[in-house]
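This structure is a prediction, so every number in the text was calculated from the model and none was measured.
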Amino acid sequence: RLVSELLATVPEGTTVTRGRCLSYGEGITFWPVAEALRDLAGILDDDPHDVARAKLDALAAGDRATSERAAAAVGLSEAAYPVDELFWGLRRVLARIAASGPLVVAFEDLHWAEPTMLDLVEYLAAFASGPLVLLCIARPELLETRPGLASAMLQLEQLSETETAELVEALGVGDAELQQRITS
């Protein structure tokens, strides 16, 4: 909810996309990136493979090497590349999009991400260029295994009793008994 509210306030002309990490499944390493790129490219679930690939190629602005690696990372190519080349291709696609205006990429539930996805996030944070914001939402326990992700972290703490009461009041809950139940 907080992410939705935040993303609704970005300045006009900002491109926003989201991808979520899944808690289980096969072939989910780059699932959040695939969701984000499909959204950015306008790829629909029922698009034929060649149409989806053409849309991704358009995001890469004709850079075949970048497009090939990004396509391999998100399951639109059977080609196999080393992980560092996949990272390079994904970074280049995001940089090309950000070159035309600010880009916000929100990765949700990062605590469920595969280690390679976490490596990608760290890589993008270190090497991405242009007006690109990575908004990663995760549970605090992620920092136990990836303390490097804390460098630009905003940790949300529990509301105090007074803050909770103010929030309940601001929401227009009129019944005092209900206010007390919600606050407690």
Side-chain angles (χ1 to χ4, degrees), residues 1-47 55 59 73-75 90 93-94 97-98 100-126 128 130-184:
R1 164 107 184 164
L2 290 174
V3 171
S4 295
E5 293 294 328
L6 174 69
L7 295 178
T9 66
V10 298
E12 190 173 325
T14 301
T15 302
V16 175
T17 190
R18 298 168 91 154
R20 71 188 189 304
C21 299
L22 302 176
S23 61
Y24 61 89
E26 291 183 34
I28 61 169
T29 299
F30 294 117
W31 183 270
V33 177
E35 279 189 325
L37 289 182
R38 288 176 185 275
D39 175 48
L40 291 167
I43 298 171
L44 306 174
D45 290 339
D46 59 348
D47 277 347
K55 290 178 178 181
L59 276 184
V74 300
L90 293 168
V93 168
L94 294 176
I97 298 165
S100 64
L103 172 63
V104 176
V105 180
F107 292 130
E108 299 182 37
D109 296 322
L110 202 61
H111 50 274
W112 285 332
E114 297 285 327
T116 304
M117 178 63 193
L118 296 173
D119 292 342
L120 173 64
V121 168
E122 289 176 331
Y123 171 82
L124 291 173
L132 170 64
V133 172
L134 295 175
L135 177 61
C136 300
I137 300 90
R139 294 180 184 157
E141 56 262 26
L142 176 63
L143 297 179
E144 294 170 9
T145 57
R146 293 291 179 131
L149 291 174
S151 61
M153 181 183 74
L154 172 65
Q155 189 166 353
L156 300 179
E157 301 293 334
Q158 181 176 341
L159 294 176
S160 70
E161 197 171 313
T162 303
E163 291 167 328
T164 304
E166 289 173 4
L167 177 62
V168 171
E169 186 177 325
L171 291 173
V173 178
D175 181 344
E177 183 179 323
L178 183 56
Q179 279 183 355
Q180 180 57 38
R181 278 186 45 216
I182 294 171
T183 301
S184 65

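Under the 4.5 Å side-chain criterion, counting only non-hydrogen atoms from C-beta, Val121 is in contact with Cys136. For the pair Leu6/Leu2, no side-chain contact is recorded, criterion being any heavy-atom separation below 4.5 Å from C-beta on. For the pair Val33/Val74, a side-chain contact is recorded, criterion being any heavy-atom separation below 4.5 Å from C-beta on. Looking at heavy atoms from C-beta onward, Val104 lies out of side-chain contact with Leu132 at the 4.5 angstrom threshold. With a 4.5 Å cut-off on side-chain heavy atoms, Tyr123 and Leu90 do not count as touching. Looking at heavy atoms from C-beta onward, Leu7 lies out of side-chain contact with Ser4 at the 4.5 angstrom threshold.
Across all their heavy atoms, Thr29 and Met117 have their closest contact at O-CB, 3.3 Å. Residue Leu59 comes nearest to Leu37 through the heavy atom pair CD1-O, 3.9 Å, listed as atom of the first residue, atom of the second, then distance. The nearest pair of heavy atoms linking Thr183 to Ala165 is OG1-CA, 3.9 Å.
If you take OG1 on Thr14 and CG on Leu103, they are separated by 9.0 Å, rounding to the nearest 0.5 Å. To the nearest 0.5 angstrom, Thr116 atom OG1 is 11.0 Å from Ile28 atom CD1. For the atom pair Cys21 SG and Phe107 CZ, the distance stands at 7.5 Å (nearest 0.5 Å).
Formation of a donor-acceptor pair under 3.5 Å by the Glu35 side chain with backbone atoms of Arg20 is found in this model. The backbone N or O of Ala138 sits nowhere less than 3.5 Å from a side-chain atom of His111 that would complete a donor-acceptor pair. Side-chain N or O atoms of Lys55 include one that pairs as donor or acceptor with a backbone N or O of Gly42 at under 3.5 Å.
Around CD of Glu169, the count of heavy atoms belonging to other residues, nucleotides or ligands within 6.0 Å does not exceed 12. Within 6.0 Å of the CD atom in Glu161, the count of heavy atoms belonging to other residues, nucleotides or ligands does not exceed 12.
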Walk me through whether Leu167 and Thr164 qualify under side chain to side chain contact (heavy atoms under 4.5 Å, CB included).
CA-CA 5 Å; Leu167 177 62; Thr164 304; 5.6 Å; no
If you apply the rule side chain to side chain contact (heavy atoms under 4.5 Å, CB included), what do you find for Asp109 with Ile137, and how did you get there?
CA-CA 6 Å; Asp109 296 322; Ile137 300 90; 5.7 Å; no
After noting the C-alpha distance and the side-chain angles of Ser160 and Glu163, does the key distance pass the side chain to side chain donor-acceptor pair (under 3.5 Å) rule?
CA-CA 5 Å; Ser160 70; Glu163 291 167 328; 3.2 Å; yes
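In this structure, Gln179 has no side-chain hydrogen bond (donor to acceptor under 3.5 Å, both in side chains) partners at least two apart in sequence or on a different chain.
Checking Glu144, Arg146, Arg139 one by one against Leu142, the side-chain contact (heavy atoms from CB on, under 4.5 Å) holds for a single residue, Arg146.
In this model, no donor atom of one side chain and acceptor atom of the other lie less than 3.5 Å apart for Arg38 and Thr17.
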